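Nothing here was measured: the structure is a model prediction, and the numbers come from that model. Every chain is numbered from 1 and lettered A, B, ... according to where its sequence line falls, protein lines coming before strand lines.
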Amino acid sequence: MGGRGLCGKAPVLDLRLPVWHPAGDKTGFDQMNLFADIRALVVAELTAMTAEGALPAGLDFAHVAVEPPRDAAHGDMATNAAMVLAKPAGLAPRAIADALAVRLAKDARIMAADVAGPGFLNLRLSNLVWQSVVKSALTDGADYGRSNAGGGRKVNVEFVSANPTGPMHVGHVRGAVVGDALSNLLAFAGWSVTREYYINDGGAQVDVLARSAYERYREANGLEPEIREGLYPGDYLVPVGAALKEKYGTSLLNQPESVWLTDLRDYASAMMMQEIRNDLAQLGVRMDVYSSEKALYGTGQIEAAIQTLRDQGLIYEGTLEPPKGKVPEDYEARIQTLFRSTAHGDDVDRPVMKSDGSWTYFAPDIAYHFDKVQRGFDELIDIFGADHGGYVKRMKAAVSALSGGRVPLDIKLVQLVKLYKNGEPFKMSKRAGTFVTLHDVVEQAGADVTRFMMLTRKNDVALDFDFAKVLEQSKDNPVFYVQYANARINSVLRKAQAAGLDVSDAALAKADLTQLSHPAEIDMAQQIAEWPREVEIAAKGNEPHRIAFFLYELASEFHGLWNRGNDDPSLRFIQEGKDATSCAKIALARATGVVISAGLSILGVKPAEEMR
RNA sequence: GCACCCAUAGCUCAGCUGGAUAGAGCGUUGCCCUCCGAAGGCAAAGGUCGCACGUUCGAAUCGUGCUGGGUGCACCA
């Protein structure tokens, strides 16, 4: 036996004894999450202690946590159980901790359980546990870290929703990326996700679009366009004008607006939407549903939504106080139809109908969100630009009222992106006139780099995007740093394969992982073990940026291990003449790669196979 | 005037939803790099977590009140 190229022959590493999953503890999905496993063990022991009378009955274990300690010197994991329970149990924290420590230490996975400080219980886990994590990553592959935290709940993520009046610009990019990555993340964490775009094609802005397009149509017919104040000046409408000439010839020239407005509005906004779809595709953003504001008019949906509010006594006729501070000069109190949003947490009531009897923008938006509620979503998420901050409370109030408080609405405000090039503020206006388009950004930086960088800040903080820096190949550049780690891993696999080793995941999963005993290797495995936990934390907080940060840390750990191989050849992944050891080390590298791929896939970034 | 967001090392930012001596990168300083895995590596210095109260075993994290910066505030979308 021991033929070259085999990564088998390992002792059985499956430590999943029944004790890991006490009956009634959630679903089987958490079995990949080591922290959840150990927490389950702690809770099981606490339950047993209660049964034996060591703890009073009726204690709430909800706040018992198992987490990595801030300082790794304290151990692999720590639980606050004793401190959380001390007061309600009427016992000293250390007494509970001591008793719990004795019990936990009996578990095969736990090497040591030490009480520290005011009552922390520090746990040191057997290397076998960390080694088995490597195996899990290899056997689960792309599903490693997948979670059922969402429990299959239906969530609707509305994002982008740019007006169909022009191409997408930088301001839209971040919201698009955040929404797309968040959708990926939630899907990975067990939610049933619908990605939705709300087309604002019902308001005055599409009339402006139609008039602007009409001027371009005149231009296409050899006339001088009159781009008056208030029209869209961008030359992206030139092709629209040409298409209109193609379709209508000269028949619309010198015709009054009433003749062509409706047609041009539909035609131009359809063309703009097509362009927006192309932009999204270029950025790698996928939508499941496009909903139209215009389609809500005339169907009775707006009336029905307002009626639902009226039935709750939330609609009334009245006048609003003028805004305090700077009052507009032409302010004049008027009677309007108002939504009593203050009954659901807003600061002032909001108009749904203008004094001339037409709907405000808010009304179709209410109807649209009512539609989402009626479609049966359990949760709604809206991604808005930061300039919509004033809109958050009224929208939440509306959803709260329309769903009877059943459906939570989380609104993520995405802050500005400031563009730079070599530290200088970046201005470019190829075709748009005044703004940098999404197309320009992606063309310069690439979709992968753009997406990753947009996720390196939490959404409510402004972000600097420097075209020079994001393309730099150095450690300063997080995209490169993570991609480089993946490239190194692939390089190891290629070399091993060339040397005749079977480096398939199936083969590597059978490697003798007990060979991974060096602290640096255990550290690497521990980082891999954190992945499922990180996914759940990020998903529950709707915070995709955590994935980007985690990948950076993971890459950092990997590069660190790689660099130590410079000084200590025994830490190199390929050990000449020692296939069993090589297989184990390559398995560790590949497991790291599995997580990087999974993480990048959530971010919507293609992993780099090699750097050039 | 009101609402929302932000404030953590010189700079750019993380910080596990309340845990132990608050972290990373850049920058600075020092050391290492003829070859064996260096588009680098190791180490050090650097903090009143904007301020003040409060909640409790325990606060950067939660609450209240301030200060400074950003954004938005009548029938615009």
Answer yes when Lys585(A) and Glu521(A) have at least one side-chain N-carboxylate O distance shorter than 4.0 Å, and no when they do not.
-> yes

Arg394(A) CZ to rC73(B) P: how many Å, rounded?
-> 9 Å

Distance below 4.0 Å between Lys540(A) side-chain N/O and rU17(B) OP1 or OP2 | no

Can you tell me the pairing partner of rU21(B) across any strand shown, Watson-Crick or G-U wobble, with both distances under 3.5 angstrom?
-> none

Rounded distance (Å) that lies between atom P of rG25(B) and atom NZ of Lys469(A) = 16 Å

What nucleic acid atoms does Gly203(A) come within less than 4.0 Å of, heavy atoms only: base, sugar-phosphate, or nothing?
-> sugar-phosphate

From the candidates rG40(B), rG15(B), rC13(B), the one with an atom nearest any side-chain atom of Arg457(A) is rC13(B)

When all nucleic acid strands are considered with a 4.0 Å heavy-atom cut-off, which category describes Ala78(A): base, sugar-phosphate, or nothing?
-> base

Would you mind reading off the distance between Asp387(A) atom CG and rC76(B) atom P, rounded to a whole angstrom?
-> 18 Å

Ion pair present between Lys393(A) and Asp347(A), side-chain N to carboxylate O less than 4.0 angstrom?
-> yes

For the pair made of CZ in Arg350(A) and C1' in rA74(B), what is the distance, rounded to whole Å?
-> 10 Å

Base-pairing mate for rU28(B) - Watson-Crick or G-U, with both contacts under 3.5 Å = rA44(B)

Applying the 3.5 Å cut-off to both distances, the Watson-Crick or G-U partner of rC51(B) turns out to be rG65(B)

When the nearest nucleotide of RNA chain B is assigned to Tyr484(A) and to Thr456(A) on a heavy-atom basis, which residue is associated with the more 5' position?
-> Thr456(A)

What distance, rounded to whole Å, do you find between the two P atoms, one in rA22(B) and one in rA3(B)?
-> 35 Å

Pair of N/O donor and acceptor under 3.5 Å linking rC16(B) base with Arg533(A) side chain | yes

Step by step, work out the ring-ring contact (aromatic ring centres under 6.0 Å, His included) result for Tyr368(A) and Phe362(A).
-> CA-CA 10 Å; Tyr368(A) 171 54; Phe362(A) 189 33; over 10 Å; no

Sticking with atom P, work out how far rG54(B) lies from rA60(B), rounded to a whole angstrom.
-> 15 Å

Touch check for Tyr391(A), heavy atoms < 4.0 angstrom, all strands: base, sugar-phosphate only, or nothing?
-> base

What is the distance from CD of Glu317(A) to P of rA74(B), rounded to the nearest Å?
-> 20 Å

Measure the OG1-CG distance between Thr337(A) and Leu309(A) for me, rounded to the nearest 0.5 Å.
-> 12.0 Å

With rounding to whole Å, what would you report as the distance between rG18(B) and rG30(B) at their C1' atoms?
-> 40 Å

Distance under 6.0 Å and angle within 45° of ring axis: Arg394(A) vs Phe339(A) | no

Residue Lys393(A), side-chain atoms from C-beta onward, closest of rA3(B), rA77(B), rG41(B) | rA3(B)

Counting side-chain heavy atoms from C-beta on, which of rA20(B), rC6(B), rG19(B) comes nearest to Val461(A)?
-> rC6(B)

In Å, rounded to the nearest 0.5 Å, how long is the span from CG of Leu231(A) to CG of Leu209(A)?
-> 10.0 Å

Answer yes or no as to whether rA14(B) has its base stacked against Phe549(A), where stacking requires a ring-centre separation under 5.5 angstrom and planes under 30 degrees apart.
-> no

Would you mind reading off the distance between Phe362(A) atom CZ and rA77(B) atom P, rounded to a whole angstrom?
-> 13 Å

Closest to the Met83(A) side chain, choosing from rG19(B), rA3(B), rA77(B) | rG19(B)

Base, sugar-phosphate, or nothing for Gly541(A), non-hydrogen atoms under 4.0 angstrom?
-> base

Closest to the 5' end of RNA chain B, once Arg572(A) and Glu530(A) are matched to their nearest nucleotides, is Glu530(A)

Please indicate whether Lys469(A) has more than 12 foreign heavy atoms, meaning atoms of other residues, nucleotides or ligands, lying under 6.0 Å from its NZ.
-> no

Strand partner of rC73(B), provided both Watson-Crick or wobble distances fall under 3.5 Å | rG1(B)

Is there a donor on the side chain of Asp346(A) or the base of rA3(B) sitting less than 3.5 Å from an acceptor on the other?
-> no

Of all the choices, rA74(B), rA39(B), rA77(B), which nucleotide is nearest to the side chain of His388(A) once you look at every atom?
-> rA77(B)

Between rA77(B), rA14(B), rU17(B), which nucleotide gets closest to the side-chain atoms of Glu543(A)?
-> rU17(B)

So what's rU56(B) paired with, Watson-Crick or G-U wobble, going by both distances under 3.5 Å?
-> none

So which nucleotide from rG25(B), rA77(B), rA20(B) ends up closest to the side chain of Glu293(A)?
-> rA77(B)

rG72(B) and rG63(B), which share atom name C1', separated by this distance in whole Å = 25 Å

Ala116(A) near the nucleic acid: base, sugar-phosphate alone, or nothing, with a heavy-atom cut-off under 4.0 Å?
-> base

With P as the reference atom in both, quote the distance from rU61(B) to rC2(B) in angstrom, rounded to an integer.
-> 24 Å

The glycosidic conformation of rU17(B), counting syn as within 90° of 0 and anti otherwise, is syn

Between CG of Asn459(A) and P of rC5(B) the distance, given in whole Å, is 11 Å

Tell me: CG of Asp365(A) to C1' of rC76(B), nearest whole Å?
-> 13 Å

side-chain contact (heavy atoms from CB on, under 4.5 Å) partner of Leu463(A), the single match among His545(A), Met454(A), Gln415(A) | Met454(A)

Presence of His63(A) side-chain N/O under 4.0 Å of rG19(B) phosphate oxygens OP1/OP2 = no

With the side chain counted from C-beta on, respond yes when Asp365(A) and Tyr391(A) share a heavy-atom pair under 4.5 Å apart, and no when they do not.
-> yes

Geometric cation-pi criterion Arg546(A) and Phe550(A), 6.0 Å radius, 45° cone = no

Is the shortest side-chain N/O distance from Asn200(A) to OP1 or OP2 of rA77(B) below 4.0 Å?
-> no

Could you please name the partner base of rC35(B), counting Watson-Crick and G-U wobble pairs only when both distances are under 3.5 Å?
-> none

Determine the Euclidean distance between corresponding P atoms of rG25(B) and rG41(B); express it in Å to zero decimal places.
-> 9 Å

Respond yes when some side-chain nitrogen or oxygen of Lys87(A) is under 4.0 Å from OP1 or OP2 of rC57(B), and no when none is.
-> yes

Side chain of Asp460(A) - closest among rC5(B), rA77(B), rG19(B) = rC5(B)

Between rA74(B), rA77(B), rA20(B), spot the one nearest the side chain of Asn122(A), thanks.
-> rA20(B)

Take atom P in rA14(B) and the same atom in rU8(B), then report the distance between them in whole Å.
-> 10 Å

Glu67(A), nearest nucleotide to its side chain (from rG41(B), rA20(B), rU17(B)) = rU17(B)

Sticking with atom C1', work out how far rG15(B) lies from rA24(B), rounded to a whole angstrom.
-> 10 Å

